[in-house]
Amino acid sequence: MQSDNVKKGMQQAPHRSLFNALGFTQEELRKPLVGIISSYNEIVPGHMNLDKIVDAVKLGVAEAGGMPVVVPAIAVCDGIAMGHVGMKYSLVTRDLIADSTECLAKAHQFDAMVCVPNCDKNVPGLLMAAARVNIPTVFVSGGPMLAGHLKGKKRSLSSMFEAVGAYAAGKMTEEEVTEYENKVCPTCGSCSGMYTANSLNCLTEALGMGLKGNGTIPAVYSERIRLAKHAGNKVMELLEKNIRPRDIMTEAAFMNALTVDMALGCSTNSMLHLPAIAHEAGVKIDVNIANEVSARTPNLCHLAPAGYTYMEDLNEAGGVFAVMNELSKKGLIDLDCLTATGKTVGENIKNCPNLDPEVIRTVENPYSETGGIAVLKGNIAPDSCVVKRSAVAPEMLKHSGPARVFDCEDDAIAAIKGGKIVEGDVVVIRYEGPKGGPGMREMLNPTSAIVGMGLGSSVALITDGRFSGASRGASIGHVAPEAAAGGPIGLIKEGDIIDIDINANTLNARVSEEEFAERRKTWKPRINEVDGYLARYRELVTGAPQGAVLSAEGLKK
């Protein structure tokens, strides 16, 4: 066992004295040391129940013959961080989480890990760490929130942000907004739509790193406690069989995850996180392959914000394994991939039928023949940009309009809520990329304000920043190269006509190469002054197409 490095032999007597100080018995020291990476805290609603999950995992590990030890991982609530300087600190935590977990696992020589995340950045951060540390690992999340109920309809956090936009437009009263405020987030858990947290928890199942139900069993169901106990049991089986994350997270597994991503209509943030996780697993994913995967993958689910079904509905319909089973009918899933169950994907999903074809459409009757995410290119985004196609109104799949240009999110929000954005406009928000922000802020406030003010079917938004999974409409993010790196989005001027054709995968300004070259002569990038960790992050972060990972290559990009 790897943990023998800190437990056995005369050289390790001082180490054992410290284990004695922790209250370990001699019997416990003979067992494998299993790190339980707990993201529990009291500021993130998706994490307030993780202490219960962790306790259940401990029981499962101990029952199966391991010695569980709990160590922490940080997490930011994107909803609370939204719309102010705090959002600069969200994406950057992904790498802090990966780094700190690597430190804890290596320094203490864990034999195996169970990772207990739930929200947007600590799910991919811990997946990155699992790939990097590469000891037997199982994931069990805290689970999604139940949907809120308001006037006979289910609601979620995106409804709340859109209500604020409706209030600004004079379409809702303060009393109505307050009713939303009190009802849309009724329980603990990750917010109830197919937002980033739930997207990544579902993709953890698709990758093979989580057990059945990891992404969909609601946080408040006792079934999730049972799942956590099984995860504790299962990691000991993986340790015995020496099945490691890199045995599971292969190139074929990432292709499965991308396919499920397209079928579910996951958050565009998956186009940042999957390449970053793959990078740690030694697998290269080019985001441009997303269009190839999308072209052959039907979109089977329209969960909020794309539609009016929620995570609890997906769970009742059979969950991620049922979606994979449906996709397998078209030969779209590699059934031979090994998973954290110790079995193959094919073995896992063979008895997982689609229980509700209204929630999970059949492959014969999809919402669309192509997947939920599209990657666009053009003279504004020579490298790439991404859009959640499944959440775009049909009339906005092709759109042309004048650019309304803002050098930060805050100015754009003020203009939108001030009634300065009108039908047909294309809002351009720049200097919010990985380097420019720095930190690549998520922009649920402006997208929700546009929808809430009744402009969701007539106004587009493009940015070198990113969007919440709760955003809907023609919201095009991850424009690369970003403005701070000299990308053409930094050269767009007020009134330039922008042409968007999502089905053709193009994004262009009606500006000639010669005109762009002339503008570049007088262009000066906006520099957002930051210090501390953000300053170090800016120096090392790569571009969105590379997953915004930290690398010495970031100094060049």
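Everything numeric here is computed off the predicted structure, so don't read it as measured data. When a residue number appears, it is its place in the shown sequence, counting from 1.
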Engineer: May I ask you to decide if Thr362's main-chain N or O and Asn365's side chain share a donor-acceptor pair within less than 3.5 Å?
Structural biologist: no
Engineer: Counting N and O atoms only, with roles assigned by atom type, does the side chain of Glu205 sit under 3.5 Å from a partner on the main chain of Gly215, one being a donor and the other an acceptor?
Structural biologist: yes
Engineer: Tell me if a side-chain donor or acceptor on Ser448 pairs with a main-chain N or O of Asn445 at a distance below 3.5 Å.
Structural biologist: no
Engineer: Please name the pair of heavy atoms, one in Asn299 and one in Ala263, separated by the smallest distance, quoted to 0.1 Å.
Structural biologist: ND2-O, 3.1 Å
Engineer: Can you tell if the side chain of Asp78 reaches within under 4.5 Å of the side chain of Ser468, non-hydrogen atoms only?
Structural biologist: no
Engineer: Kindly give the heavy-atom pair with the smallest separation between Ala257 and Leu274, and that separation in Å.
Structural biologist: CB-CD2, 4.3 Å
Engineer: Got a donor-acceptor contact below 3.5 angstrom from the Glu181 side chain to the Met160 backbone?
Structural biologist: no
Engineer: Checking the side chain of Arg472 only, and the main-chain atoms of Ala306 only, is there a donor and an acceptor separated by less than 3.5 Å?
Structural biologist: no
Engineer: Determine, step by step, whether Met145 and Cys185 satisfy the side-chain contact (heavy atoms from CB on, under 4.5 Å) criterion, reporting the C-alpha distance in whole Å, the side-chain angles of both residues, the deciding distance to 0.1 Å, and the verdict.
Structural biologist: CA-CA 7 Å; Met145 186 183 291; Cys185 295; 3.6 Å; yes
Engineer: Can you confirm whether more than 12 heavy atoms, excluding those of Glu240, are under 6.0 Å from its CD atom?
Structural biologist: no
Engineer: Once you round to the nearest 0.5 Å, how far does NE2 of His108 lie from NZ of Lys7?
Structural biologist: 13.5 Å
Engineer: With the side chain counted from C-beta on, respond yes when Thr297 and Glu292 share a heavy-atom pair under 4.5 Å apart, and no when they do not.
Structural biologist: no
Engineer: Give the C-alpha distance, both sets of side-chain angles, the deciding distance and a yes or no for salt bridge (charged side-chain N to carboxylate O under 4.0 Å, His left out) between Lys151 and Glu179.
Structural biologist: CA-CA 10 Å; Lys151 294 180 172 59; Glu179 186 178 8; 2.7 Å; yes
Engineer: Taking salt bridge (charged side-chain N to carboxylate O under 4.0 Å, His left out) as the definition, give me every residue that meets it alongside Asp111, ordered by chain and number, with sequence neighbours left out.
Structural biologist: none
Engineer: Working to the nearest 0.5 angstrom, can you tell me the gap between Asn325 CG and Ile349 CD1?
Structural biologist: 5.0 Å
Engineer: Is there a donor-acceptor contact under 3.5 Å linking the side chains of Asn118 and Asn201?
Structural biologist: yes
Engineer: Return the orientation label for the Phe19 and Phe24 ring planes: parallel under 30°, perpendicular over 60°, tilted otherwise.
Structural biologist: tilted
Engineer: Do Asp334 and Thr259 have side-chain heavy atoms sitting under 4.5 Å apart?
Structural biologist: no
Engineer: Can you tell which of Val70, Val114, Val69, Ile53 makes a side-chain contact (heavy atoms from CB on, under 4.5 Å) with Lys58?
Structural biologist: Val70
Engineer: Verify salt bridge (charged side-chain N to carboxylate O under 4.0 Å, His left out) between Glu27 and Lys31, making sure each step is shown before the conclusion.
Structural biologist: CA-CA 7 Å; Glu27 292 78 12; Lys31 298 176 180 179; over 6 Å; no
Engineer: If I compare all heavy atoms of Tyr308 with all of Tyr310, which pair ends up nearest, and what's the gap?
Structural biologist: O-CE1, 3.5 Å
Engineer: Using modelled atom types only, decide if a donor and an acceptor are shared between the side chain of Asn315 and the backbone of Met311 within a distance under 3.5 Å.
Structural biologist: no
Engineer: Any side-chain donor-acceptor pair under 3.5 Å between Ser90 and Lys121?
Structural biologist: yes
Engineer: Tell me if a side-chain donor or acceptor on Thr93 pairs with a main-chain N or O of Leu96 at a distance below 3.5 Å.
Structural biologist: no
Engineer: Starting from the C-alpha separation in whole Å, work towards a yes-or-no answer on salt bridge (charged side-chain N to carboxylate O under 4.0 Å, His left out) for Lys229 and Glu63.
Structural biologist: CA-CA 9 Å; Lys229 290 176 182 175; Glu63 180 184 51; over 6 Å; no
Engineer: Do the side chains of Lys329 and Glu326 get close enough for a salt bridge, i.e. N-O under 4.0 angstrom?
Structural biologist: yes
Engineer: Might you confirm whether atom NZ of Lys330 has over 12 heavy atoms from other residues, nucleotides or ligands at distances under 6.0 Å?
Structural biologist: yes
Engineer: Quick one: CG on Leu303 to OG1 on Thr309, what's the gap to the nearest 0.5 Å?
Structural biologist: 4.0 Å
Engineer: Quick check for you: to the nearest 0.5 Å, what is the distance between Asn256 atom CG and Ile333 atom CD1?
Structural biologist: 4.5 Å
Engineer: Measure the shortest side-chain to side-chain distance between Pro298 and Leu327 over non-hydrogen atoms and say whether it is less than 4.5 angstrom.
Structural biologist: yes
Engineer: For a quick check under 3.5 Å, do Asn348 and Thr341 share a side-chain donor-acceptor pair by atom type?
Structural biologist: yes
Engineer: Could you check whether any side-chain heavy atom of Glu280 comes within less than 4.5 Å of a side-chain heavy atom of Val549, counting everything from C-beta outward?
Structural biologist: no
Engineer: If every non-hydrogen atom of Val220 is compared with every non-hydrogen atom of Leu146, which pair is closest and at what distance?
Structural biologist: CG2-CD1, 3.7 Å
Engineer: Ignoring hydrogens and geometry, is there a side-chain-to-backbone donor-acceptor pair from His47 to Asn41 under 3.5 Å?
Structural biologist: no
Engineer: Just checking, is any N or O donor in the side chain of Ser368 or Arg389 under 3.5 Å from an acceptor N or O on the other one?
Structural biologist: no
Engineer: Please check if the side chain of Glu442 supplies one atom and the backbone of Arg466 the other of a donor-acceptor pair under 3.5 Å.
Structural biologist: no
Engineer: Looking at Ile248 and Ala340, what are the two nearest heavy atoms and their distance?
Structural biologist: CD1-N, 3.7 Å
Engineer: Below 4.5 Å, heavy atoms only, C-beta onward: do His302 and Ser390 meet side chain to side chain?
Structural biologist: yes
Engineer: Please lay out, stage by stage, how Asp120 and His273 fare under the test side-chain contact (heavy atoms from CB on, under 4.5 Å).
Structural biologist: CA-CA 10 Å; Asp120 294 28; His273 300 318; 5.7 Å; no
Engineer: I'd like to know if Arg132 pairs up with Asp99 as an ion pair, taking the criterion as any Lys NZ or Arg NE/NH1/NH2 lying under 4.0 Å from an Asp or Glu carboxylate oxygen.
Structural biologist: yes
Engineer: Counting neighbours of CD1 on Ile43 that are heavy atoms of other residues, nucleotides or ligands and sit closer than 6.0 Å, is the number greater than 12?
Structural biologist: no
Engineer: Can you confirm whether Tyr367 is buried at OH, in the sense that more than 12 heavy atoms of other residues, nucleotides or ligands lie under 6.0 Å from that atom?
Structural biologist: yes
Engineer: What distance separates Asp4 CG from Arg30 CZ, expressed to the nearest 0.5 Å?
Structural biologist: 12.0 Å
Engineer: Compare every heavy atom of Glu364 with every heavy atom of Pro366, then report the nearest pair and how far apart it is.
Structural biologist: CD-C, 3.5 Å
Engineer: Tyr195 and side-chain contact (heavy atoms from CB on, under 4.5 Å): which single residue from Ser267, Ser156, Ser190 fits?
Structural biologist: Ser156
Engineer: Does any donor atom in the side chain of Arg224 or Ser141 lie under 3.5 Å from an acceptor atom in the other side chain?
Structural biologist: yes
Engineer: How far apart are the C-alpha atoms of Leu203 and Cys266, what are their side-chain angles, what is the distance that settles it, and do they pass the side-chain contact (heavy atoms from CB on, under 4.5 Å) test?
Structural biologist: CA-CA 9 Å; Leu203 294 181; Cys266 289; 4.2 Å; yes
Engineer: With a 6.0 Å cut-off (strictly less than), is the heavy-atom count around CE of Met48, excluding the residue itself, greater than 12?
Structural biologist: no
Engineer: For the pair Lys388 (side chain) and Ser475 (backbone), establish whether a donor and an acceptor sit closer than 3.5 Å, ignoring hydrogens and angles.
Structural biologist: no
Engineer: Just so I know, are the side chains of Val54 and Tyr40 near enough to count as touching, which here means a heavy-atom distance under 4.5 Å?
Structural biologist: no
Engineer: For the atom pair SG (Cys352) and NZ (Lys212), what is the distance rounded to the nearest 0.5 Å?
Structural biologist: 5.0 Å
Engineer: Taking NE2 in His230 as the centre, count heavy atoms belonging to other residues, nucleotides or ligands within less than 6.0 Å. Is the count above 12?
Structural biologist: no
Engineer: Phe161 vs Val451, test: side-chain contact (heavy atoms from CB on, under 4.5 Å). Steps then yes/no.
Structural biologist: CA-CA 9 Å; Phe161 277 88; Val451 172; over 6 Å; no
Engineer: Do Met113 and Leu126 come within less than 4.5 Å of each other through their side chains, counting heavy atoms only?
Structural biologist: no
